[in-house]
Amino acid sequence: MQMMIVLLLLCSTIFITILFFQKQTARRKSNTPPPSPPRLPFIGNLHQLGRYPHRSLCFLSRRYGPLMILHFGRVPVLVVSSVGAARDVLKTHDRVFASRPQSKIFEKLMYNGRDVAVAPYGEYWRQMKSVCVLHLLSHKMEEVRTCCKRRSSVSEEDLQNMKYLKAVIKETLRLHPPLPLLVPHKSTQEVILRDYGIPAGTQVTINAWAIGREAATWGQDAESFRPERHLDSSVDFRGHDFELIPFGAGRRICPAISFAAVLNEFVLANLVHQLNWRLPAESNEVKTNVAESIGTVIHRMFPLYAIASSTT
Ligand code: HEM
């Protein structure tokens, strides 16, 4: 009997000690912030962003890792640059990171910050988003469908079979996402991400451009435009596959994905089907130069001139 009591006491002491150490380690881990490149007074790391922030951040992430903290002036920003880290933020902790940072620019340009795209996470945003999806976009999609049916010689059934056309659109969005850093997110509570402590109120930037070019996912030819890679792959841009997130993922995903996909496919299919296309003789260099120009969204620095002629 005495032996049993001693054994029980011993087991509970071991158990309590393990619990204590686990708690201590978790506390130590949660106090560790993600790595940061050295910063300058006042401007922080702003000088390292350059003309193409998505490229500079991708370069920095190779040294500091898929989760790093940069300072935009005095504001700490968590930069997310890998498939796994994006999944952690946009899926595992989706609710925590579903808010938006507020800024004077958003206030001035986006209806006092009340536009659905920049509204903080909460009841107002929820209502705006459901209105947006249910009414505006479904109505617009119907409009596109009826209008396309009347004017187009490519039907929706035809589109289902145009596997290569869909692959071209996917490959374009992989290498050239119009919003390479998505729209900034903000955390609303403290969270531990891959052993790093992320305080509530942290601004988050997700580098969809870097993720779309990750060699570990896309192979050694990740930088090449090769639509064929999508023909036998189930990876899609609808927010389930974190390898391809030009529309974001999780609660803040672009509500217009279906609308934009249908529109892109119809327009491209009809342009190719109804017209013959050729390049002006002198434009060979421009044709291959896909340099980016920075604006609200990324676009070509050198416009592509092409000559259309009737197929009849
Ligand atoms: C190819 C076309 C498009 C692309 C690549 C795109 C991409 C995106 C991205 C990356 C986001 C932010 C996702 C995030 O924060 O994680 C977004 C949000 C949003 N997009 Fe789009 N978008 C496109 C077209 C459109 C169109 C045509 C509309 C409207 C008709 C639209 C309406 C919105 C709205 C309202 C949000 C904010 C959602 C929220 O904050 O809850 N988008 N889009």
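Each ligand, and each atom within it, is numbered from 1 in the order the structure gives.
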**Q** Closest by any non-hydrogen atom to atom 3 (C) of ligand 1: pick that one out of Phe237, Tyr121, Phe247, Trp125.
**A**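 Looking at heavy atoms only, the winner is Phe247.
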**Q** List the atom pairs, with distances to 0.1 Å, where a side-chain N or O of residues 80-91 and a protein N or O form a donor-acceptor pair under 3.5 Å, not counting sequence neighbours.
**A**
| unit_1 | atom_1 | unit_2 | atom_2 | d |
| --- | --- | --- | --- | --- |
| Ser82 | OG | Ala85 | N | 3.2 |
| Asp88 | OD2 | Arg194 | NE | 2.7 |

**Q** Quick one: which of Cys254, Ala260, Pro177 has a heavy atom closest to atom 32 (C) of ligand 1?
**A**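 That would be Cys254.
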**Q** Out of all atoms in ligand 1, which are within 4.0 Å of some heavy atom of Leu179? Include the element for each.
**A**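 Near Leu179, the atoms of ligand 1 are 7 (C), 8 (C), 9 (C), 10 (C).
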**Q** Looking at Lys129, which atoms of ligand 1 are within less than 4.0 Å of one of its heavy atoms?
**A**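 With Lys129 as reference, the close atoms of ligand 1 come out as 38 (C), 39 (C), 41 (O).
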**Q** Looking at Val116, which atoms of ligand 1 are within less than 4.0 Å of one of its heavy atoms?
**A**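 Here the atoms of ligand 1 in question are 35 (C), 39 (C), 40 (O).
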**Q** Taking all non-hydrogen atoms of both residues, which atom of Val154 and which atom of Met162 are closest, and how far apart?
**A**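 Here Val154 and Met162 meet closest at CG1-CE, 3.5 Å.
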**Q** Can you name the nearest heavy-atom pair linking Trp125 to Val116, along with the distance?
**A**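 That would be CD1-O, 3.4 Å.
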**Q** Could you tell me which atoms of ligand 1, counted from 1 in the order shown, lie closer than 4.0 angstrom to a heavy atom of Ala117?
**A**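 Per the distance check, 37 (C), 40 (O).
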**Q** Any non-hydrogen atom of His185 lying under 4.0 Å from ligand 1?
**A**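 The answer is yes: ligand 1 sits under 4.0 Å from a heavy atom of His185.
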**Q** Show me which atoms of ligand 1 lie under 4.0 Å from any heavy atom of Pro178.
**A**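 Listed by number with element, the hits are 5 (C).
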**Q** Given Pro255, Ala256, Ala261, Gly250, which has its nearest heavy atom closest to atom 33 (C) of ligand 1?
**A**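 Minimum heavy-atom distance to atom 33 (C) of ligand 1 goes to Pro255.
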**Q** Purely on distance, is any nitrogen or oxygen of Arg251 under 3.5 Å from one on ligand 1?
**A**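 Between Arg251 and ligand 1 (N or O atoms, distance only) the closest approach is not under 3.5 Å.
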**Q** With heavy-atom distances below 4.5 Å as the criterion, would you say the side chains of Arg95 and Tyr121 are in contact?
**A**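 In contact.
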**Q** Does ligand 1 come near enough to Asn264 that some N or O of the ligand is less than 3.5 Å from an N or O of the residue?
**A**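 By distance alone, the answer is no.
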**Q** In the hydrophobic cluster built from side-chain contacts under 4.5 Å, what are the other members alongside Leu8?
**A**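 Other cluster members: none.
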**Q** Show the numbers, then the answer: is there a side-chain contact (heavy atoms from CB on, under 4.5 Å) between Lys166 and His230?
**A** CA-CA 9 Å; Lys166 286 173 192 278; His230 299 286; over 6 Å; no
**Q** Cation-pi between Arg174 and Trp218: NZ/CZ under 6.0 Å from ring centre and within 45° of the ring axis?
**A**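 Yes.
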**Q** Can you tell me if CZ on Arg252 sees more than 12 non-hydrogen neighbours from other groups inside 6.0 Å?
**A**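 Atom CZ in Arg252 is crowded, with more than 12 foreign heavy atoms closer than 6.0 Å.
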**Q** Closer than 4.0 Å to some heavy atom of Pro246 - which atoms of ligand 1 meet that?
**A**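 Reading through ligand 1 atom by atom, the close ones are 5 (C), 7 (C), 10 (C).
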